[in-house]
Amino acid sequence: MPTRHRVLVVPAESLEGSPRVVAVVVTWNRHALLTESVDALRAQTHAPAAIVVIDNASDDGTAALLESDWAAASEGRVGLDVVRLRENTGGAGGFTVGIETALGHHPDLVWLLDDDTVPTPTAAAELVAAWTDYPVHDPDQRPAVLASRVIWTDGRDHPMNTPRTKPGVTPAESAAAAAVGAIPIRSASFVSIMCDASRIRERGLPVADYFLWNDDFEYSTRLIRDGVGLACPSSVVVHKTKVFGSTDVDPGERFYFEVRNKLWVFSRSQSLSIGERALYSTATARRWARTFSGSEDRTTLRRALGRGLVAGLRRPRSNAEVLAGARPAAGELSGGEPFTLLISTYAGDDPAYLRHAFESSTTAQTRPPAEVVLVQDGPVPGPLAAEIARIVATSAIPVNHLALVDNIGLGPALDAGLAVSSNEIVARMDADDVSAPERFALQLPLIEAGADIVGSGLIEFGEHVDDVVGRRTPPTDPDEIRRVIRFRDPFNHPTVVYRRSAVLAAGGYTDMALLEDYLLFTRMVEGGAVPANLAEPLVSYRVGAGAYARRGGSELLRSELRLQKRFRQLGITTRTEFARNVAVRGGYRLVPEGVRKVAYRRLLANRTGQPRG
């Protein structure tokens, strides 16, 4: 049976305040090498805050090893966060699951390693130092990917794992890299690379359908594009392959994966610029020619080439499709699971509205939350500050008041709230809406039965809750939700309840002003999160004056265009779908308010079927 167990990981006190590294190791039937690799990770001078191990359905005793005391945490030893997959998904699927699991540990850096990679004691520290000391004015411009020097067991540089240097590197880029003892690169392998976690949240996960080949090339180039990649010779790892091989070895039937995946890189991925595609495709053609010239079985290669060319014409499957049968089930939770209510408030909120929203979602519920995380997004006026203080002091349910120094926007504020939430299940609530008393009693059972996100319908009201002006009914069939989400948001954000781990695995809300929820929910569903909706209106949503004006205008149009560009970069939409969304959704933001109101009422608010323009 597939298994999933978590061990509470507490970083060493000596590392408090330093970059938080989470290591990810993907393994398949290498019991002894896995032991050596993990022991070396635990011996790092910059100790990982957590070690995630993805077991690709090993059958050599690895499962027993990962359930033994060796895998558990003890004094001075980091425990393992183990995910056992039901089938072997290769490095592409394994690292996809591994990275999304690592994001749940709130890393600054994610260190990806093969199970036959044994890092020397200072390997992590050298990569972290290069990342920290790289000369930039803005921390967001730190290196996206840092690669170790990979040697074989006899000390020679391993020919299979040489990072590709960056073509056309500028003197300034070379000087900046040299300042930290590094070399600018354009790609690297999963044998040992450390990736900036914020870049991962922005650019997404690996493509799990890249089974066997080019998964690391596509992913590392995607992370590095328009950023910085470094090879750090001072960070040394030993790649304990059976032989001192190279990439020129005759691949036989496996050449199919090389051809198919390279076509996907050049035609489907956003990892390379147009000029880089021309450069790397030419280099690929030369390498394929060498492969054929050195092969003793060219018939097999020709057959694999033909199959790969045909398969490369289709899109890679989504991670949700590829991993559907491999992931461990989210698992049913026991009834009555505790959950957190997450509310964000800011200077523009009305104190009376906040009080009503809070009470309707806590003491008025037939199934109340175990805690409330109330995020104060920046300074607030005196009356609102007094109401927040009153709520914290008098609430019968514990309130964690998280006061942010500056107003950072809804998405980042909710990310901050998620980081301090105590429970796996989190329910959202806006600071001016009203929950129906049975809301959580109806939604929580769906989460406990295995769903990752559950929304509901909502009632729109004006001056008071009896002033009903509209109703939004979402699609309830999971397949319909998956189908329409590339065209419109099938969830009403103020109504959702979700698993915190599923949100973190998708990268969190990030900073996508006005549309942060739609981006998050799409990434969750595309990544394999199990969706559900209830048609019943369980939240009354305050629209007030100017509601339809806020659904349009230049600012929202800019956000819409950013969103659609991000969808395209993440491979969620095709070029045709991108053009359609820009025309339809972008056009909706520009039409006069009166037209927008009619369009919303007739075409959007109560739709559950196929999206229309």
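For reference, positions follow the sequence shown, starting with 1.
Donor-acceptor pairing under 3.5 Å is lacking for the side chains of S235 and E126. Inspection of the T573 and Q564 side chains reveals no N or O donor paired with an N or O acceptor under 3.5 Å. D196 and W131 form a side-chain donor-acceptor contact under 3.5 Å, judged by distance and modelled atom types alone. No side-chain N or O of W70 forms a donor-acceptor pair with one of T35 less than 3.5 Å apart. Using a 3.5 Å distance cut-off with no hydrogens or angles, the side chains of D297 and S295 do not pair a donor with an acceptor. Remark: the E218 side chain and the N261 side chain contain no N/O donor-acceptor pair separated by less than 3.5 Å. Side-chain atoms of S58 and H31 include no donor-acceptor pair closer than 3.5 Å. Side-chain polar atoms of D59 and N29 form a donor-acceptor pair below 3.5 angstrom.
Environment of CG in D138: crowded, with over 12 heavy atoms of neighbouring residues, nucleotides or ligands closer than 6.0 Å.
Applying the ring pair (Phe, Tyr, Trp, His ring centres under 6.0 Å) test to every pair with at least one member in residues 272-306, sequence neighbours left out, gives these pairs: F217-Y280, F255-W288, F255-F292. The list of ring pair (Phe, Tyr, Trp, His ring centres under 6.0 Å) pairs with a residue in residues 159-204, not counting sequence neighbours, reads F95-F190.
You'll find the ring centres of W213 and F257 outside the 6.0 Å limit.
Interatomic distance, R314 CZ to R268 CZ, rounded to the nearest 0.5 Å: 9.5 Å.
Between D116 and K240 no salt bridge is recorded (no basic side-chain N to carboxylate O distance below 4.0 Å).
Here E516 pairs with L410, Y509, M512 under the side chain to side chain contact (heavy atoms under 4.5 Å, CB included) rule; sequence neighbours left out.
Y219 and I99 make their closest contact through CE2-CD1, 3.7 Å (heavy atoms, listed as atom of the first residue, atom of the second, distance).
Side-chain atoms of L323 and V97, non-hydrogen and from C-beta on, do get closer than 4.5 Å to each other.
The cationic atom of R277 (NZ for Lys, CZ for Arg) does not lie both less than 6.0 Å from the six-membered ring centre of W264 and within 45° of the ring axis.
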